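Below you'll find the structure, written out as C-alpha cells, and then a few comments.
Please read all numbers here as calculations on a predicted model, not as lab measurements. Lettering follows sequence order; numbering is per chain, from 1.
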Amino acid sequence: MPRPDPHREPRSELRREPRRAHALREAPGGRHDPGVTRWVLHVDLDQFLAAVEQRRHPELAGRPVVVGGNGDPASRTVVATASYEAREFGVHSGMPMRLAARRCPQAVFLPADNPAYEAASEEVMAVLRGFAVVVEVIGWDEAFLQWDGDDPEALAAEVRAEVRARTGLSCATGIGDNTLRAKMATAFAKPGGVHRITAGNWFATFGTEPTGVLHGIGTKTERKLAELCIHTVAQLAESSPTAVGERLGPRMGPYYVSLGRGMGRTEMEATPWVPRSRSRETTFDVNLENWTAVLAEIRVLSARVSGDVEAEGRDVARVGVKVRYAPFLTRTRSLTLPAPTRDPAVLEAAALEVAGWFPHDRPVRLLGVRAEFTPA
DNA sequence: TCTGGGGTCCTAGGACCC
DNA sequence: TCTGGGGTCCTAGGACCC
C-alpha cells in the first residue's frame with residue numbers, strides 16, 4: 001500500500017475542508033444529466049522540482065538529483081524533492097540534506113529555485129485549463145479537475161499526453177467521485193499512471209488500513225483516535241461524529257469521520273487563491289548567540305516580507321514573529337497593528353517590537369517574520 | 001534521521017462589552 | 001454590590017499539508 005509522500009510542494013487545501021463540512025456530503029446527484037457522471041481528477045506532477053531541473057539541465061536526466069534549501073548538502077536544510085534515481089538510494093522529501101548526502105553522495109545537489117518552479121507550474125496549469133474542465137490549483141504540482149463524462153481514464157490519458165507534449169513533464173492522475181478519493185487514488189497511479197477510487201472500492205481499498213493513511217490525518221490525530229479505540233479507516237467511518245468531536249474538537253471530529261467514509265468535495269473552485277499571509281524564515285547553520293544579531297536578522301526578514309507584501313499590493317493587519325531556540329523549542333508572538341498598512345517602516349517596527357517580547361537569553365536556531373493580510 | 005520553508009485552519013482562554 | 005450570559009476580538013499554540 002503506497003503511503004502518500006508526506007512532503008511535497010506548497011499550498012495546502014486540507015485546512016479549507018473543515019469549514020466546508022456541509023459541502024462534504026456527496027452532491028445530491030453528482031449526476032446532472034442522465035447517464036453523465038461527475039468525476040474529479042487529481043493531476044499530480046512526478047518528482048516535480050527534480051523534473052524541472054532535469055528539463056533545463058538535460059545532462060541531469062537519469063541521474064540522482066536532490067533539490068532543497070541552498071543546495072549545500074552540509075547545511076541545516078531538508079530535501080524538497082528527490083528524483084526517482086535518488087529515491088533508489090533511500091533519499092526522500094523531508095530528509096535532512098546531510099543524511100541524503102550520506103546515502104547518495106554521487107547525487108547532484110541543487111538549491112531550490114522557487115521562481116523557476118512557479119513558472120513551470122503555470123505552464124502546466126495553462127495546459128490543464130485548455131481542457132473543458134473546472135481547474136482548481138492546489139499546489140505547484142497539483143490540481144483537481146472537475147469533469148462530467150463517461151470515460152475519465154480516457155480524459156486522464158489525454159491530459160497526460162498533452163502535459164508531456166507541451167511541457168516535457170510527466171504526471172500521474174487519480175480519478176475519484178470526489179476530491180478525497182481522487183487524491184488518495186494518486187498514490188496508486190505514481191509515477192505516470194492512472195488509478196480510480198470511488199464509493200464502490202473505497203472500503204475494499206482502505207477499510208483495514210490505519211487512519212493515518214487518510215489525507216488530513218497525521219501521526220498526532222492517528223494516536224488520539226487510537227485512544228478512542230479507532231484504529232482503521234472502517235472503524236473511523238462507523239464512529240459517531242459527535243463522540244469523536246468531544247475529543248478532537250467540534251469541527252475536526254466530524255470532519256475526520258467524514259474522511260473515514262471517503263467523503264470529499266465534488267465542486268471545484270476555479271477562482272484564484274487569495275493568500276491570507278506571507279512569511280519568511282531562516283534556520284541558521286550556526287545558532288545566533290547574541291540579541292543584536294537577532295534584531296539585525298529580524299530587519300532582514302521584515303524587509304523580505306515587505307517586498308512580498310508590496311508585490312501582493314494589499315494591507316497587513318497583523319505581524320508575527322517566530323523564534324526557534326536551540327535545540328528545537330519554537331515560540332510565536334504576534335500583534336494586531338493599530339491600522340492596516342503596507343508601509344515597510346511600520347512593518348519593521350512592529351516586527352522589532354514583537355521580537356523584543358521574547359526571552360533574550362538562549363541560542364536561536366530559527367527566526368521568522370509573518371504578515372497577515374486584511375481579509376480581501 | 002537532530003528535525004526547511006511557506007502556508008492554512010482550528011481550538012481555547014482571556015479581555016472586554018452589553 | 002453582585003451576578004448572568006452572549007458575542008466578538010485578540011492571542012498562542014497545535015496540527016497538517018506541499
Once you round it to whole Å, what is the distance between [atom2] of [N] and [atom1] of [X]?
{"X": "A/Trp357", "N": "C/dA12", "atom1": "CH2", "atom2": "P", "value": "7 Å"}
{"X": "A/Leu301", "N": "B/dG5", "atom1": "CG", "atom2": "C1'", "value": "11 Å"}
{"X": "A/Lys220", "N": "C/dG14", "atom1": "NZ", "atom2": "P", "value": "8 Å"}
{"X": "A/Leu337", "N": "C/dC10", "atom1": "CG", "atom2": "C1'", "value": "13 Å"}
{"X": "A/Asp285", "N": "B/dC2", "atom1": "CG", "atom2": "P", "value": "15 Å"}
{"X": "A/His92", "N": "C/dC17", "atom1": "NE2", "atom2": "C1'", "value": "17 Å"}
{"X": "A/Glu372", "N": "B/dC9", "atom1": "CD", "atom2": "P", "value": "11 Å"}
{"X": "A/Glu142", "N": "B/dT8", "atom1": "CD", "atom2": "C1'", "value": "15 Å"}

Base-pair string, DNA chain C, Watson-Crick plus G-U, cut-off 3.5 Å on both distances, | for inter-strand, is ....||||||||||||||
Once you apply a heavy-atom cut-off of 4.0 Å, does [X] come out as touching a base, just sugar-phosphate, or nothing?
{"X": "A/Arg102", "answer": "sugar-phosphate"}
{"X": "A/Gly69", "answer": "nothing"}
{"X": "A/Thr221", "answer": "sugar-phosphate"}
{"X": "A/Leu367", "answer": "nothing"}
{"X": "A/Thr282", "answer": "sugar-phosphate"}

Is the closest side-chain heavy-atom distance between A/Thr232 and A/Thr211 below 4.5 Å?
-> no
Taking the minimum atom-to-atom distance to the side chain of [X], which one of [options] wins?
{"X": "A/Trp273", "options": "C/dT11, C/dC16, B/dC9", "value": "B/dC9"}
{"X": "A/Thr336", "options": "B/dA12, C/dT11, C/dC16", "value": "C/dT11"}
{"X": "A/Pro250", "options": "C/dA12, B/dA12, B/dG5", "value": "B/dA12"}
{"X": "A/Val78", "options": "B/dT3, C/dT11, B/dT11", "value": "B/dT3"}
{"X": "A/Thr219", "options": "B/dC10, B/dG5, C/dC16", "value": "C/dC16"}
{"X": "A/Arg251", "options": "B/dG5, B/dG7, B/dT11", "value": "B/dT11"}
{"X": "A/Glu281", "options": "B/dG4, B/dG6, B/dA12", "value": "B/dG6"}
{"X": "A/Ser334", "options": "C/dA12, C/dA15, B/dT1", "value": "C/dA12"}
{"X": "A/Ser277", "options": "B/dT8, B/dG4, B/dG7", "value": "B/dT8"}
{"X": "A/Met252", "options": "C/dA12, B/dT11, B/dG6", "value": "B/dT11"}

Hey, does the side chain of A/Asn201 reach the backbone of A/Arg196 with a donor-acceptor pair shorter than 3.5 angstrom?
-> yes
Are any side-chain N or O atoms of A/Arg166 and backbone N or O atoms of A/Ala161, one a donor and one an acceptor, separated by less than 3.5 Å?
-> no
Any [X] side-chain N or O less than 4.0 Å from OP1/OP2 of [N]:
{"X": "A/Arg276", "N": "B/dC9", "value": "yes"}
{"X": "A/Lys183", "N": "C/dC17", "value": "no"}
{"X": "A/Arg365", "N": "B/dC2", "value": "no"}
{"X": "A/Arg278", "N": "B/dG7", "value": "yes"}
{"X": "A/Arg98", "N": "B/dC2", "value": "no"}

Sorted by number, the residues of residues 319-329 of chain A with heavy-atom contact under 4.0 Å to DNA chain B = A/Arg324, A/Pro327, A/Phe328
A/Leu248 or A/Arg280, whichever maps to the more 5' nucleotide of DNA chain B = A/Arg280
Side chain to side chain contact (heavy atoms under 4.5 Å, CB included), paired with A/Leu41, selected from A/Val135, A/Leu128, A/Thr173 = A/Thr173
Do A/Glu222 and A/Tyr256 meet the criterion of a side-chain donor-acceptor pair at a distance under 3.5 Å?
-> no
With a 3.5 Å cut-off and no angle check, do the side chains of A/Arg324 and A/Asn287 form a donor-acceptor pair?
-> no
Just do the salt bridge (charged side-chain N to carboxylate O under 4.0 Å, His left out) check on A/Glu372 and A/Arg370 with the steps written out, would you?
-> CA-CA 7 Å; A/Glu372 288 176 27; A/Arg370 184 168 43 87; 2.3 Å; yes
A/Ser170 and A/Asp46: CA distance, side-chain angles, deciding distance, side-chain hydrogen bond (donor to acceptor under 3.5 Å, both in side chains) verdict | CA-CA 6 Å; A/Ser170 163; A/Asp46 296 318; 2.5 Å; yes
Report the relative orientation of the aromatic rings in A/His42 and A/Phe144; use parallel for angles under 30°, tilted for 30 to 60°, perpendicular for over 60°.
-> tilted
Using a strict cut-off of less than 4.0 Å between a Lys/Arg side-chain nitrogen and an Asp/Glu carboxylate oxygen, indicate whether A/Asp308 and A/Arg342 qualify as a salt bridge.
-> no
Ion pair check, A/Arg38 and A/Glu267, cut-off under 4.0 Å = yes
Steps toward side-chain hydrogen bond (donor to acceptor under 3.5 Å, both in side chains) verdict (A/Ser334, A/Arg318) = CA-CA 7 Å; A/Ser334 60; A/Arg318 223 178 138 66; 2.3 Å; yes
